[in-house]
S.K.: 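For reference, the structure I am asking about is given below.
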Amino acid sequence: MRLLTTFRLLATAGSIAALAPLAAAAQEKLTWQMAWLPTGEYAAYTAGIEKGFFLEQGIELTMTRGFGSGDTVAKIASGASVIGDADLGAMMTAAVRTDAPVKAVMAGYTVAPNAFFVINGSGIETIGDLAGKVVGTTPGNSSMTYLPSIAEANGLDLSSITFVTMDGGAMGPMLINGRIDAAPFYTTHHFTMSKQAAQMGKTIDILPFADYGLSIYSSSFLANETFLEEKPELVKGWLAGIQKSLLWAKDNPEEAARIHVAKYPEVDYEDALANLETVLGFMLNESSEAAGLGQFAPEQLASTWAFVAQSQELDPAIDPAVFVDTSLVP
C-alpha cells in the first residue's frame, strides 16, 4: 500500500513537472510601446505587471519608452510594435493621411491634458502671448495636432512662432535654462517639472489647452489592425489587465507608485504618485462612468474629430467611429 501511494505521489509530481513548461508556454509575450518616458502616469500598469494582472490573461507584458505619440503610432502601424498608448488625434491624423492600420481599442484620458509650460515672469500669460516666441516640440508631438485650431480660435498667428524640434527629454531642461520660451507637455508632468525648475529658482506656469476650448479624448490605447484581427483574445486580455490595474491603483496609489519607482529608479516617488493621481482623475471620472470605462462617448468622439479635422485640414465629414473598435473592452 505504501509502495502504491509513493508511486501515485511520484506520478502526480511528474505530471505537475511536465505541465510546468506548458503553463510557461501559454504566456504570450507582448511589448507595450509607450508614448513617452516611463513617468508616474504609467505606474498603474507597472504595478499591474508586478501583481500578475496581465499574466492572469496569458500575457507576459513588458513596456518600452516612447518618443511622442506620432512615433508610437508609426511603430504600431508598421508592426514594429503591435500595441501601445498614444494621443487619439495623432492616430486619427495618421489613419487619414497615411492609411495607418491602427485602431483605438479603448479610451484613456477623457480630459485634454495638453498644455504649454512657460516660466513665470516670462511675460507669457495667455496663448496669444506666444507670438514672436521660441517654442520647443518633439517629432509627432500630439499637442501640435490641436494647436492650429486653438491658435485660430484665440487669434494667434502660428507663423510668428519659431518652433524648434528636439528630443522629449531635452524640452524640460531647455525651457528651464531659458533656451526656449515655451514647450508643450501633458499637465501630468507639471509636478515633476516644477520641482526641477525650483532648483534653479524658477516657477513653471501652465496654459492648459482645455482653458482655450479643447474638448477631446486624448491618450488612448491602440492596436495594429492585423494583430487585432489575428489575435483578438490577446488584445482583450491586455485591455482586461489595464482595467484591473487602473482600479487597483485607484485604491492603492502609494503602493503602485512604490512599485513603479522600484522598476524605474530614475523616477522620484513623489513625482510618480502625483502623476499617477492626476492620470487616474483623467481616466476614472464622471465621463468614463457615463460612457463605461474604456468606451468612447459618440458626442465627445465627434468633438475630438472636429478639432483634429479643422487643425489638420482633413475631411470633417469622416465618421470618427471608423477610427475606433471597442468591441473587446471587458
Side-chain angles (χ1 to χ4, degrees), residues 12-66 72 75-76 79-86 103-108 219-224 226-267 269 272-273 275-276 279-280 283-284 288 292-295 325-330:
T12 301
S15 298
I16 292 172
L19 287 172
L22 295 176
Q27 301 295 329
E28 292 232 24
K29 294 184 177 180
L30 274 181
T31 298
W32 177 333
Q33 177 61 58
M34 294 186 279
W36 198 243
L37 300 167
T39 60
E41 60 197 283
Y42 292 100
Y45 319 122
T46 304
I49 293 172
E50 177 69 20
K51 291 291 181 179
F53 299 157
F54 296 94
L55 287 176
E56 292 172 0
Q57 302 296 327
I59 297 171
E60 184 180 337
L61 184 66
T62 57
M63 304 182 75
T64 184
R65 69 151 288 184
T72 291
K75 286 175 178 172
I76 295 175
S81 300
V82 292
I83 58 169
D85 67 285
K103 289 282 188 184
V105 291
M106 190 163 88
S219 179
S220 301
F221 302 99
L222 315 179
N224 175 279
T226 300
F227 182 74
L228 181 60
E229 292 171 3
E230 294 179 351
K231 298 200 173 183
E233 288 306 311
L234 274 182
V235 176
K236 184 176 182 179
W238 176 52
L239 300 180
I242 289 172
Q243 286 193 343
K244 189 168 184 178
S245 298
L246 287 169
L247 295 173
W248 180 87
K250 180 182 179 181
D251 293 333
N252 305 276
E254 294 86 359
E255 186 179 352
R258 284 194 294 270
I259 292 172
H260 188 74
V261 171
K263 174 68 174 178
Y264 302 102
E266 68 273 21
V267 179
Y269 170 75
L273 182 58
N275 289 344
L276 171 61
V279 164
L280 290 174
M283 303 179 73
L284 305 176
S288 62
L293 181 57
Q295 296 292 343
D325 179 356
T326 59
S327 62
L328 297 177
V329 174

S.K.: Kindly give the heavy-atom pair with the smallest separation between Pro330 and Leu239, and that separation in Å.
M.R.: CD-CB, 4.0 Å
S.K.: Nearest 0.5 Å, please: how far is CG in Leu55 from CG in Leu61?
M.R.: 9.0 Å
S.K.: Within the side chain of His260, is there an N or O that forms a donor-acceptor pair under 3.5 Å with the backbone of Pro38?
M.R.: yes
S.K.: To the nearest 0.5 Å, what is the distance between CG (Leu246) and CG (Asp251)?
M.R.: 11.5 Å
S.K.: If we only count heavy atoms from C-beta on, is the Met63 to Tyr264 side-chain gap below 4.5 Å?
M.R.: yes
S.K.: What are the two closest non-hydrogen atoms of Leu276 and Ala257, and how far apart are they?
M.R.: CD2-N, 4.4 Å
S.K.: Do Gln27 side-chain atoms and Ile59 backbone N/O form a donor-acceptor pair below 3.5 Å?
M.R.: yes
S.K.: Any side-chain heavy-atom pair from Thr326 and Met106 closer than 4.5 angstrom?
M.R.: no
S.K.: Yes or no on side-chain contact (heavy atoms from CB on, under 4.5 Å) for Thr64 and Gln33, after CA distance, side-chain angles and deciding distance?
M.R.: CA-CA 5 Å; Thr64 184; Gln33 177 61 58; 3.3 Å; yes
S.K.: Gln243 side chain to Leu293 main-chain N or O, any donor-acceptor pair under 3.5 Å?
M.R.: yes
S.K.: Scan for salt bridge (Lys or Arg N to Asp or Glu O under 4.0 Å) pairs involving residues 45-57, sequence neighbours excluded, and state none if there are none.
M.R.: Lys51-Glu255, Glu56-Lys244
S.K.: Restricting to non-hydrogen atoms, name the atom on Val105 and the atom on Ala223 that form the minimum distance, rounded to 0.1 Å.
M.R.: CG1-CB, 4.0 Å
S.K.: So, do Trp32 and Tyr45 have ring centers that fall under 6.0 Å from each other?
M.R.: yes
S.K.: Please check: side-chain N/O of Ser288 versus main-chain N/O of Met283, any donor-acceptor pairing under 3.5 Å?
M.R.: yes
S.K.: Please give me the minimum heavy-atom distance between Gly108 and Phe221, naming the atom from each residue.
M.R.: CA-CE1, 4.0 Å
S.K.: Can you give me the closest heavy-atom contact between Met34 and Thr72, atom names plus distance?
M.R.: O-OG1, 2.8 Å
S.K.: So, for Ala44 and Ser245, which heavy atoms are closest and what is the spacing to 0.1 Å?
M.R.: O-CB, 3.3 Å
S.K.: Apply side-chain contact (heavy atoms from CB on, under 4.5 Å) to residues Leu30 and Glu60 and explain how you reach the verdict.
M.R.: CA-CA 6 Å; Leu30 274 181; Glu60 184 180 337; over 6 Å; no
S.K.: Counting only N and O atoms by type, is there a donor-acceptor contact under 3.5 Å from the side chain of Ser220 to the main-chain atoms of Ala104?
M.R.: no
S.K.: Carefully, step by step, assess Asp85 and Tyr42 under the rule side chain to side chain donor-acceptor pair (under 3.5 Å).
M.R.: CA-CA 10 Å; Asp85 67 285; Tyr42 292 100; 2.8 Å; yes
S.K.: Let's go through Lys231 and Glu28 carefully: what are the C-alpha distance in whole Å and the side-chain angles of both, what is the deciding distance for side-chain contact (heavy atoms from CB on, under 4.5 Å) to 0.1 Å, and is it a yes or a no?
M.R.: CA-CA 11 Å; Lys231 298 200 173 183; Glu28 292 232 24; 3.2 Å; yes
S.K.: Looking at OG1 of Thr46 and NZ of Lys263, how far apart are the two atoms once the value is rounded to the nearest 0.5 Å?
M.R.: 8.0 Å
S.K.: How far apart are the C-alpha atoms of Ile76 and Val82, what are their side-chain angles, what is the distance that settles it, and do they pass the side-chain contact (heavy atoms from CB on, under 4.5 Å) test?
M.R.: CA-CA 5 Å; Ile76 295 175; Val82 292; 5.9 Å; no
S.K.: State, yes or no, whether a side-chain contact exists between Ile83 and Thr31 at a heavy-atom distance under 4.5 Å.
M.R.: no
